[in-house]
Amino acid sequence: MVKQANKYIKIMKKKIQGNSTRPRLYVFRSKKHMYVQIIDDISQKILLSSSSIAKDLKPQLPLKRKANCEISILIGKDIAKKAKTKGIKSVIFDRGRRLYHGCIKALADSVRQEGIQF
């Protein structure tokens, strides 16, 4: 099972790779939290990040802190605003091993509504 997972990760890294003009927007979702990062794979640096545990988003989040669609919409808007200030207009969307529905789709739609293309 571990060998299959490692093989999948290597294949995905070959297919999905961000650069300085079009970085990769990576989404990780656990049962409790959601994390989003914009990564430049060529220089191997994280350019921006946002999550459900970020200090600047805590006042806006609802009291129940589970990773749900409301929180993912707020995180998507936050990461898009940060990307605009850095001058990033388009990204490559990397959803990891998650299906594109529910919270992942809500996050992607909120990023698109703010003007980031992928």
Side-chain angles (χ1 to χ4, degrees):
M1 186 76 169
V2 174
K3 288 183 182 180
Q4 289 176 344
N6 289 338
K7 185 178 178 182
Y8 176 79
I9 290 170
K10 288 179 185 178
I11 291 170
M12 290 304 290
K13 283 187 179 181
K14 287 181 184 178
K15 288 183 181 179
I16 301 173
Q17 194 170 27
N19 53 27
S20 58
T21 57
R22 196 165 174 207
R24 178 171 55 111
L25 182 108
Y26 177 69
V27 179
F28 175 76
R29 181 177 173 262
S30 69
K31 289 182 180 179
K32 290 186 176 182
H33 300 291
M34 181 174 276
Y35 307 90
V36 179
Q37 299 173 337
I38 295 182
I39 303 168
D40 181 6
D41 289 319
I42 305 250
S43 63
Q44 297 180 351
K45 291 187 179 179
I46 297 173
L47 304 175
L48 300 169
S49 67
S50 183
S51 67
S52 59
I53 59 171
K55 290 181 182 178
D56 55 342
L57 284 181
K58 277 192 180 180
Q60 300 172 0
L61 297 177
L63 291 177
K64 58 176 188 171
R65 300 277 167 105
K66 290 189 175 182
N68 59 14
C69 291
E70 296 172 17
I71 292 175
S72 59
I73 290 170
L74 290 173
I75 294 170
K77 288 180 180 180
D78 182 53
I79 197 77
K81 288 176 186 174
K82 287 179 181 179
K84 280 184 178 178
T85 59
K86 279 257 188 165
I88 299 170
K89 296 178 183 173
S90 66
V91 295
I92 297 171
F93 189 69
D94 182 8
R95 59 184 167 77
R97 299 180 80 179
R98 298 281 182 162
L99 295 176
Y100 186 77
H101 79 287
C103 294
I104 303 293
K105 186 175 188 272
L107 181 123
D109 290 341
S110 67
V111 171
R112 281 192 192 108
Q113 285 176 355
E114 292 292 322
I116 306 296
Q117 297 176 347
F118 49 91

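For the single chain, residues carry numbers from 1 onward in sequence order.
- With sequence neighbours excluded, the residues satisfying side chain to side chain contact (heavy atoms under 4.5 Å, CB included) with E114 are K77, A80, K81, K84.
- Hydrophobic clustering keeps V91 apart from I73 (ILVMFWY residues linked when any side-chain heavy atoms are closer than 4.5 Å, directly or through intermediates).
- Taking the side chain to side chain contact (heavy atoms under 4.5 Å, CB included) definition, one finds that K86 meets it with L48, I88, sequence neighbours left out.
- Partners of D40 according to the salt bridge (charged side-chain N to carboxylate O under 4.0 Å, His left out) rule, which considers only residues two or more places apart in sequence or in another chain, do not exist here.
- Under the salt bridge (charged side-chain N to carboxylate O under 4.0 Å, His left out) criterion, K82 pairs with D56, D78, sequence neighbours left out.
- Across all their heavy atoms, S50 and I75 have their closest contact at OG-CG2, 3.9 Å.
- Side-chain contact check for V111 versus F93: every heavy-atom pair is 4.5 Å or farther apart.
- Atom OG in S52 sits 10.5 Å away from atom CG in L74 (nearest 0.5 Å).
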Distance-only donor-acceptor pairs under 3.5 Å for side chains of residues 98-108, two or more places apart:
unit_1	atom_1	unit_2	atom_2	d
R98	NH2	R29	O	2.5
Y100	OH	R112	NH1	3.1

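- Apart from F28 itself, the hydrophobic cluster it occupies contains Y26, Y35, I39, I46, I53, where clustering links Ile, Leu, Val, Met, Phe, Trp and Tyr at side-chain heavy-atom distances under 4.5 Å.
- Chaining together hydrophobic side chains whose heavy atoms lie under 4.5 Å apart leaves I42 on its own.
- A distance of 12.5 Å separates CD1 in I38 from CG in D94, rounded to the nearest 0.5 Å.
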